[in-house]
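Throughout, protein chains are lettered first and strands after them, A, B, ... in sequence-line order, and every chain is numbered starting at 1.
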Amino acid sequence: MAKTLFDKIWEKHVVKNIEGGPSVFYIDTHFIHEVTSPQAFKGLEKRGLQVFRPKQVVATADHNVPTLNQHLPIKEELSRLQVQTLQDNCKKFGIELYGLGHPYQGIVHVIGPELGITQPGMTIVCGDSHTSTHGAFGTIAFGIGTSEVEMVLATQCLMQSKPKLMRINVDGELNKGVVSKDIILYIISKISASGATGYAVEYAGSAIRNLSMEARMTICNMSIEMGARCGMIAPDQTTFDYIKGREFAPKGDAWDNAVAEWQTLYSDADAKFDVELNIKAEDIEPMITYGTNPGMGIGVTGHIPALTEIDEKEKVSYQKSLNYMGLEPGADIKGRKVDYVFIGSCTNSRIEDLRMVASFVKGKKKADDVEVWVVPGSKQVEKQAIEEGINKIFEEAGFILRQPGCSACLGMNEDKIPAGKYCISTSNRNFEGRQGPNARTFLASPLTAAVAAVTGKVGDVREFI
Amino acid sequence: MSKSINIVESTVVPINIENIDTDQIIPARFLKATSRDGFGKNLFRDWRFENDDENNPKKDFVLNNPTFKGKVLVAAKNFGCGSSREHAAWAIKDYGFDVVVSSFFADIFKNNALNNFLLPVTVSEDFLQQIFDAVQKDADTEIEVNLENQYIRIVSTGAQESFDINSYKKTCLLNGYDDIDYLLSMKGEIEAFETKKN
Ligand code: SF4
C-alpha cells in the first residue's frame, strides 16, 4: 500500500498500539533545555528513576541566557539558578550538555541540525514547540510539555495518537525579494493560526525543493504557528549534502548505508493525505504580520483588514488585537515607523540569514532612531559570522552582534522590547507581551527586517534590490 | 494537585477571546521557577494587572470581577496555542480550575492539560455560544461536566452536548493514572523493541 513519508517513519517507531487509545511511540533523540526540564528531573527523582537512555539526550542552555558578556556569571538570580540546575541534572544523570561557554552552545533547534545530530527518519522531541524545525530533514519532530519530557527521560517513549496528514505543495518560482520566511507567513495567513491543528504537515513542490536546508528549517519551524503537530520535508540530495561531514553525521560505510536508507523516505506517488493544499510561489509577496497571532499576516504593500472584512464573531478579538498593536483597521502597513529590529531566533538566526542581512546592509548605515540587535543562533554561527567578516559589516552599519540565545524572541532574559515600542522581528511569534510586556511585534523575513533597520520603517525590499 | 476527575458542577469564568496563547496564560518571565507550584498567582498576569502591578488590577478583566468565579474556565476557539510550556496548564490548575471548555484546543496544550488532570472539553461553536449567552444573562449559571458519561450540560437551560475523549485517557483521568506509570510498566517491551530496531 502507498505510504506517506510520515507513515513510513511513524510505523518504524510504534512500540505498541493500544485499543481505543494512543500508541506507545519510541523517540530516537530528545533535546532538553533549562526552562522546561527542571520539573521533569524532579519528577524522576521523586520516583527514584534514572534517565533510561542518557546517550539519546542532548542538552543546551538557550532560553534564559544573557546575550552579552556570557563569560560572566548570570546576573539575574533565578536565571542563574535555572541554568545551574540544568548543569547539575546533566552531570547527575550522565547527559551531554552544550552549556554556556561550550563551542556547540546555541538555540536547541539550531545546534541539532548544525551538529549533524538531526538525521532523516528520526523521531525527535523537545520541551519546546518549535521542535518542528527538525522536520526539514524528514523527521517526525514535535514539541512536548514537561510531563512528557519526564516520560521520555524515564522510558524514551511517549503516548501518541497518530495525527491526520496534510500536504502543502508550493510550486513555481519565487518573486525576487521573497524568501522562505515569506512562504510560511503566507501559508499561515491563508489557513490561520489554528488551520493545521491535529495535522502533521508535509511541505512539497518545486519551490520547496529549490530551497536550501536552512531555508527549509525556517518553514518547518513555523508549522506550530498554524497548530500543526509537526512539519516535514522529504530528504533529498540537498539534505544529504548538508549533513555530510558534520560532527555527529555517520562516517565511512555507515554514511553510505544511512544515505541508502534515507533515500527511501518520501511519500509514495499515490499516497493519500487527509487534506492537500496547492500554493503558487508567484502569488507570494514579502510578508509582514500586523496583529497578535502569526496568522495575521499580509503582503507589505497590503492593508490591514477593515472591520467590514472581519467575520462578525471574530470582531472582538480582532479589535482587541489591533488596539494592542496601536493600529487602525484598513490602514496601510508600509511606511510604519519601527523602533527595534531583532534578527534572531530558531526561525532566522542561521548563517544564511546573517549573510542575507549582511549583503543587504553592506555599505549602508542603520537609521538613527532604530536599535538593531542581531543574535546568532549558536556559537558556531557566531564564529562563522566573524570568520566571514559579517560582524564588521554589522558594526559599520551600527548593528550590535550579540551572543547566542533565544533573546528577544521570548524576552525571558534582559533582551526585552520596551512597552509600546514597535519591533520588526525575524522570530516566530507576535503574541501580546511576547517580546516584553506591551511590546509590539511585526514578524517578517530577515530581508524585510534589514530594510527596516536602514530606513526605520516597514518597507518593500523589492524597491531596494 | 488533585488526581482523578469525574463530575464537576460549578459556575464558570468566561473569556470570550479567540486564540488565547500560552504566553498570555503565563508570560515567559514567570518560567524561571524550577518547581511546579505557585503559578496560579501569575495566571493571565498581563491581562490582570496594569504595568505588572498587583495593586493595580485591570477592572475590565474577568478574573478581577468577583461576579465570575468557579472551577470551569470557558474560552473561545484555539485555546492554548503557541508555546509548549506546561506551566500554562499548571497555572490554570493552580488557580483553581478543573475544566477548560472551548470549541477548539491547541494540541500540545490539550496533552499538557490531560497530564495534569485538567480536563479540556471541546464543544461545538454553537454550544460554546450558548454558554457565553447563559453566563452573560446570569453569572450564577452552573455547568455540569460528567467525564464518565462524556457530557456537558448547562444546568439552568438543560442544554446538553456530548464530548469526545479517547478511552485510554478517560480511564487515566477517572482513576488518577499517569502515562508515565503505564510507560514504566512497558519497559520490557521497550527494550525488546530497541533490540529489534537496531
Ligand atoms: S528562539 Fe524563540 S521560538 Fe526558538 S526555541 Fe528559543 S524561545 Fe523558542
Start with the C-alpha distance between B:Leu184 and A:Leu49, add both sets of side-chain angles, then the distance that settles side chain to side chain contact (heavy atoms under 4.5 Å, CB included), and finish with yes or no.
CA-CA 10 Å; B:Leu184 287 169; A:Leu49 297 170; 3.8 Å; yes
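- Atoms CG and CZ, on B:Leu183 and A:Phe25 in that order, are 13.0 Å from each other to the nearest 0.5 Å.
- The closest side-chain heavy-atom distance from B:Asp21 to A:Arg434 is not below 4.5 Å.
- Between B:Lys197 and A:Asp28, some side-chain heavy-atom pair lies under the 4.5 Å cut-off.
- Heavy-atom pairs under 4.5 Å with chain B peak, among A:Thr85, A:Val316, A:Ile224, A:Ile144, at A:Ile144.
- Proximity of B:Ile190 to A:Phe52: side-chain heavy atoms (C-beta onward) are separated by under 4.5 Å at one or more points.
- Checked for salt-bridge contact, B:Glu194 and A:Lys55 miss the test: no charged N lies under 4.0 Å from a carboxylate O.
- In terms of modelled atom types and a separation under 3.5 Å, the side chain of B:Lys32 and the main chain of A:Met412 share a donor-acceptor contact.
- Taking A:Gly436, A:Gly411, A:Cys126, A:Cys157 one by one and counting their heavy-atom pairs under 4.5 Å with chain B, the maximum is reached by A:Cys157.
- For chain A, the option among B:Thr34, B:Asn166, B:Ile20, B:Asn112 with the highest count of heavy-atom pairs below 4.5 Å is B:Thr34.
- You'll find the side chain of B:Phe193 stays beyond 4.5 Å of the side chain of A:Val24, heavy atoms only.
- Heavy atoms closer than 4.5 Å to chain A are found nowhere in B:Phe30, neither backbone nor side chain.
- Among the candidates A:Lys416, A:His130, A:His63, A:Arg47, the residue making the largest number of heavy-atom pairs closer than 4.5 Å to chain B is A:Arg47.
- Contacts between B:Glu189 and chain A at a heavy-atom distance below 4.5 Å involve backbone atoms as well as side-chain atoms.
- Here the CE-OH distance, from A:Met159 to B:Tyr168, works out to 3.5 Å after rounding to the nearest 0.5 Å.
- Put simply, the side chain of B:Lys187 never gets that close to the backbone of A:Thr155: no donor and acceptor are under 3.5 Å apart.
- Under a cut-off of 6.0 angstrom, the local environment of NZ in A:Lys315 is crowded, with over 12 non-hydrogen atoms contributed by other residues, nucleotides or ligands.
- Annotation: A:Glu11, atom CD; neighbour count of heavy atoms from other residues, nucleotides and ligands within 6.0 Å is above 12.
- In this structure, a donor-acceptor pair under 3.5 Å is present between the side chains of B:Glu86 and A:Ser147.
- Contact count against chain B (heavy-atom pairs under 4.5 Å) is highest for A:Pro22 among A:Gly227, A:Pro22, A:Ala193.
- Contact of the B:Asn19 side chain with the A:Ser317 side chain is not registered, since no non-hydrogen atoms from C-beta on lie closer than 4.5 Å.
- Of the listed residues (B:Thr171, B:Thr22, B:Ile108), the greatest number of heavy-atom pairs within a distance under 4.5 Å of chain A belongs to B:Ile108.
- Most heavy-atom pairs under 4.5 Å with chain A, from the set B:Asp46, B:Asn78, B:Asn16, B:Ile17: that is B:Asn78.
- Chain A forms the most heavy-atom pairs under 4.5 Å with one residue out of B:Lys169, B:Met186, B:Arg85, and that residue is B:Met186.
- Heavy atoms of A:Ser161 lying under 4.5 Å from chain B belong exclusively to its side chain.
- Interface residue A:Leu158: only backbone heavy atoms are found under 4.5 Å from chain B.
- For B:Gln136, the CD atom sits in a loose shell: 12 or fewer heavy atoms of surrounding residues, nucleotides or ligands are nearer than 6.0 Å.
- At least one donor-acceptor pair closer than 3.5 Å links the side chain of A:Arg429 to the backbone N or O of B:Gly82.
- The most heavy-atom pairs under 4.5 Å with chain A, out of B:His87, B:Gln129, B:Lys110, come from B:His87.
- Heavy-atom neighbours of B:Phe49 CZ from other residues, nucleotides or ligands within 6.0 Å: above the threshold of 12.
- Proximity to chain A (any heavy atom under 4.5 Å) is shown, for B:Asp52, by neither the backbone nor the side chain.
- In the displayed structure, B:Lys71 atom NZ is contacted under 6.0 Å by at most 12 heavy atoms of other residues, nucleotides or ligands.
- Side-chain atoms of A:Gln156 and B:Glu191, non-hydrogen and from C-beta on, never get closer than 4.5 Å to each other.
- Of all heavy-atom pairs between A:Ser129 and B:Ser84, the closest is N-OG, 3.4 Å.
- Across B:Ala76, B:Ala89, B:Ser83, the residue that shares the most heavy-atom pairs under 4.5 angstrom with chain A is B:Ser83.
- The side-chain heavy atoms of B:Trp90 and A:Thr146, taken from C-beta on, include a pair separated by under 4.5 Å.
- Atoms CG and CD, on B:Asn115 and A:Glu150 in that order, are 9.5 Å from each other to the nearest 0.5 Å.
- Residues A:Gln82 and B:Leu31 come closest through the heavy atom pair NE2-O, 2.7 Å.
- Salt-bridge annotation for A:Glu314 and B:Lys77: present, with a side-chain N of the basic residue lying under 4.0 Å from a carboxylate O of the acidic one.
- When all heavy atoms of B:Asn111 and A:Glu148 are compared, the pair lying nearest together is ND2-OE2, 3.7 Å.
- More than 12 heavy-atom neighbours from other residues, nucleotides or ligands sit within 6.0 angstrom of CG on B:Asn149.
- Taken to the nearest 0.5 Å, the CD1 atom of B:Ile180 stands 6.5 Å off from the CG atom of A:Leu44.
- In this structure, the portion of A:Val14 lying under 4.5 Å from any heavy atom of chain B is its backbone and not its side chain.
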Could you go step by step and tell me if B:Glu18 and A:Lys313 meet the salt bridge (charged side-chain N to carboxylate O under 4.0 Å, His left out) rule?
CA-CA 10 Å; B:Glu18 295 179 353; A:Lys313 269 174 57 191; over 6 Å; no
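- Contact check for B:Asp23 versus A:Glu432: no side-chain heavy atoms found under the 4.5 Å cut-off.
- Annotation: maximal heavy-atom pairing with chain B below 4.5 Å, among A:Glu34, A:Lys12, A:Lys16, A:Glu225, occurs at A:Lys16.
- No other option in A:Thr197, A:Leu410, A:Leu78, A:Asn413 has as many heavy-atom pairs under 4.5 Å with chain B as A:Thr197.
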